[in-house]
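Read through the structure below, which is laid out as structure tokens, and then see the notes.
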2 protein chains.
Amino acid sequence: MAPTSETLTAERILAATEEVLRRHGPAKATVVDVARALGVSHGSVYRHFRTKAALREAVTQHWLDRTSEALAGIVAEDRDPASRMRDWFTALFAAKRKKAGDDPQLFATYQVLIGETSAVVERHIADLTGQLTEIVQDGVARGVFDAADPAVSARAAFDATGRFHDPCYAREWEQPGIEADFEAVVALVLRGLRA
Amino acid sequence: MAPTSETLTAERILAATEEVLRRHGPAKATVVDVARALGVSHGSVYRHFRTKAALREAVTQHWLDRTSEALAGIVAEDRDPASRMRDWFTALFAAKRKKAGDDPQLFATYQVLIGETSAVVERHIADLTGQLTEIVQDGVARGVFDAADPAVSARAAFDATGRFHDPCYAREWEQPGIEADFEAVVALVLRGLRA
DNA sequence: CAGATGACAGATTTCAATATCTGTCATCTG
DNA sequence: CAGATGACAGATATTGAAATCTGTCATCTG
């Protein structure tokens, strides 16, 4: 975090903010801290982000987008939609659980950020259900799924698996038996979708 | 809340505690307040409940049990298990949504209490999934459901509908479109269960 | 002159003192 | 003597003064 003479960009501010949030947590991370980490005055940060809330929002979006990108690969694969959907949910669950388990403090930090910015979260959920919709559509096209409205079915499947990706359930993800519960819900959902 | 000369019972303390919680909220409701409302010393309250936590736990359990009892009637009815399960989930969603919508402050109070006592909540969930299991078993017996392990399927159905009964989603229950989302998930679950 | 600065006002947070609460128990009362 | 009491110690919450932060803007600098 040595002050550098590189030009101050939104990206550098974002990276510094992530670091400050990691170190200080959501309550104590201030714009002044971010500016100090970059070796600039806090007024300069406000040139790139209108408010502290906007800065946090950008950080949150970046964090959520990384998950979406990791799952996009599964959607693009060319194989049985049912097992692709199972793998997609398994990957989503694994990714979230890893984040929550590896650095619980950082995960708690992002839970706070997520609670602040419903708009970003809605966009993230729209992203994910969009991916799922593609899988459902593919399944309908191949005749293995029966869904009158793929977007509605995708959203229902996403909602139904909430216990395995919604952060509000994070504390349950380490308990024994959660794997079995996950398998049972995914099996139920896939049975409900099949033609 | 005039001090009466009736004997001090656990029930009267419970009722007074509910009232104090309603008035003061979870953060400011003290054992001293409860004793004052009953016109006794706080030492007397500790004769009936070992700790403040135990008192709150009892109040929480009472609150949760009222929901379980309201649903038990649907389980006992003698008709098509599929529509009975649909009605059961609809009644559960309606009951929770009514509680959250009618008195948001009181609902928030109970959310705090619920967060304090995981054991009571686990028992409540076991109660509810037990009721669901009976419906699933009945469906299997009648040949309309296909479930290798009714308890597992019941739990999966309960988990899958979490968005419509778990308090952590309460703020979404007033949004337009939630009814449609509910119908979609219940339809998916019922399709997944049918023989 | 584009971009950085830091002083400033009002809002928010921190901190330490003060007050209240929890849980215990020796004592009292009917 | 069963059950209620209130004083007490240690833990927790409240409060208000002081410190810090947010967001703006007139000024400065390369």
Side-chain angles (χ1 to χ4, degrees), chain A residues 1-60 105 108-109 112-113 115-117 120, chain B residues 1-60 105 108-109 111-113 115-117 119-120:
Chain A
M1 283 310 103
T4 80
S5 54
E6 290 172 52
T7 42
L8 189 60
T9 63
E11 257 183 37
R12 287 187 62 220
I13 294 174
L14 230 75
T17 305
E18 280 177 12
E19 182 57 24
V20 167
L21 279 165
R22 191 188 311 275
R23 286 226 177 118
H24 298 0
K28 292 203 213 162
T30 72
V31 176
V32 170
D33 287 332
V34 173
R36 191 163 28 231
L38 289 163
V40 301
S41 81
H42 76 278
S44 300
V45 173
Y46 280 96
R47 178 163 298 280
H48 292 84
F49 295 92
R50 266 213 305 285
T51 64
K52 183 188 187 182
L55 178 53
R56 285 175 165 236
E57 211 170 290
V59 170
T60 308
Q105 215 164 10
T109 292
V112 172
L113 295 193
E116 289 171 358
T117 64
V120 170
Chain B
M1 285 306 107
T4 80
S5 53
E6 290 172 51
T7 42
L8 189 61
T9 62
E11 257 184 38
R12 287 188 62 221
I13 294 172
L14 230 77
T17 307
E18 281 177 13
E19 182 58 23
V20 167
L21 279 164
R22 190 188 313 275
R23 287 226 177 117
H24 297 2
K28 290 202 211 163
T30 72
V31 176
V32 170
D33 287 331
V34 173
R36 191 159 32 228
L38 289 163
V40 299
S41 80
H42 76 276
S44 300
V45 173
Y46 280 97
R47 180 162 296 281
H48 292 85
F49 294 92
R50 268 214 304 285
T51 64
K52 183 189 187 181
L55 178 54
R56 286 174 162 237
E57 210 169 292
V59 170
T60 308
Q105 212 165 10
T109 292
Q111 260 189 280
V112 172
L113 295 192
E116 288 171 359
T117 63
V120 170

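Predicted, not measured: the structure shown is a model, and the values here were computed from it. Letters go in sequence order (proteins before strands), and every chain restarts at 1.
- As rounded to whole Å, 18 Å separates atom P of D:dA26 from atom OH of A:Tyr46.
- From B:Arg23, atom CZ reaches atom NZ of B:Lys28 across 14.5 Å, with rounding to the nearest 0.5 Å.
- Between the CD atom of B:Glu116 and the P atom of D:dT12 there is a distance of 14 Å, given to the nearest Å.
- Along DNA chain D, the nucleotide nearest B:Ala27 and the nucleotide nearest A:Arg50 are compared for position; the residue whose nucleotide lies closer to the 5' end is B:Ala27.
- At the heavy-atom level, B:Val32 lies under 4.0 Å from base atoms of the strands shown.
- For B:Leu38 and D:dG3, the CG to P distance is 17 Å, given to the nearest whole Å.
- The A:Ser41 side chain lies nearest to C:dT5 when the options are C:dT5, D:dT22, C:dG23.
- No donor-acceptor pair under 3.5 Å is formed between the side chain of A:His24 and the backbone N or O of A:Asp33.
- The side chain of B:Val40 has D:dT5 as its nearest neighbour among D:dT5, D:dG23, C:dG6.
- B:Phe49 places its CZ atom 19 Å from the C1' atom of C:dT24, with the value rounded to the nearest Å.
- In this entry C:dC28 has D:dG3 as its Watson-Crick or G-U wobble partner, both defining distances falling under 3.5 Å.
- Across all strands shown, D:dA19 forms a Watson-Crick or G-U wobble pair with C:dT12, both key distances being under 3.5 Å.
- The nearest whole Å value for the distance from the CZ atom in A:Arg47 to the C1' atom in C:dA2 is 7 Å.
- When side chains are defined from C-beta on, A:Val45 does not count as touching A:Thr17, because their heavy atoms never get closer than 4.5 Å.
- Put simply, B:Ser44 has a side-chain N or O that comes within less than 4.0 Å of OP1 or OP2 on D:dT5.
- Rounded to whole angstrom, the span from the CZ atom of A:Arg12 across to the C1' atom of C:dG3 amounts to 14 Å.
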Verdict with reasoning, B:Arg12 to B:Leu38, per side chain to side chain contact (heavy atoms under 4.5 Å, CB included): CA-CA 8 Å; B:Arg12 287 188 62 221; B:Leu38 289 163; 3.9 Å; yes
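- Residue A:His48 contributes atom NE2, which lies 14 Å from atom P of C:dA2 at whole-angstrom precision.
- Side-chain N or O atoms of A:Arg56 include one that pairs as donor or acceptor with a backbone N or O of A:Pro26 at under 3.5 Å.
- Between A:Asp33 and B:Leu8, the one whose closest nucleotide on DNA chain D sits nearer the 5' end is B:Leu8.
- Nucleotide D:dA9 forms a pair with C:dT22, judged by Watson-Crick or G-U wobble geometry with both contacts under 3.5 Å.
- With rounding to whole Å, A:Lys28 atom NZ is found 11 Å from D:dC21 atom P.
- No N or O donor and acceptor, one from the side chain of B:His42 and one from the base of D:dG6, sit under 3.5 Å apart.
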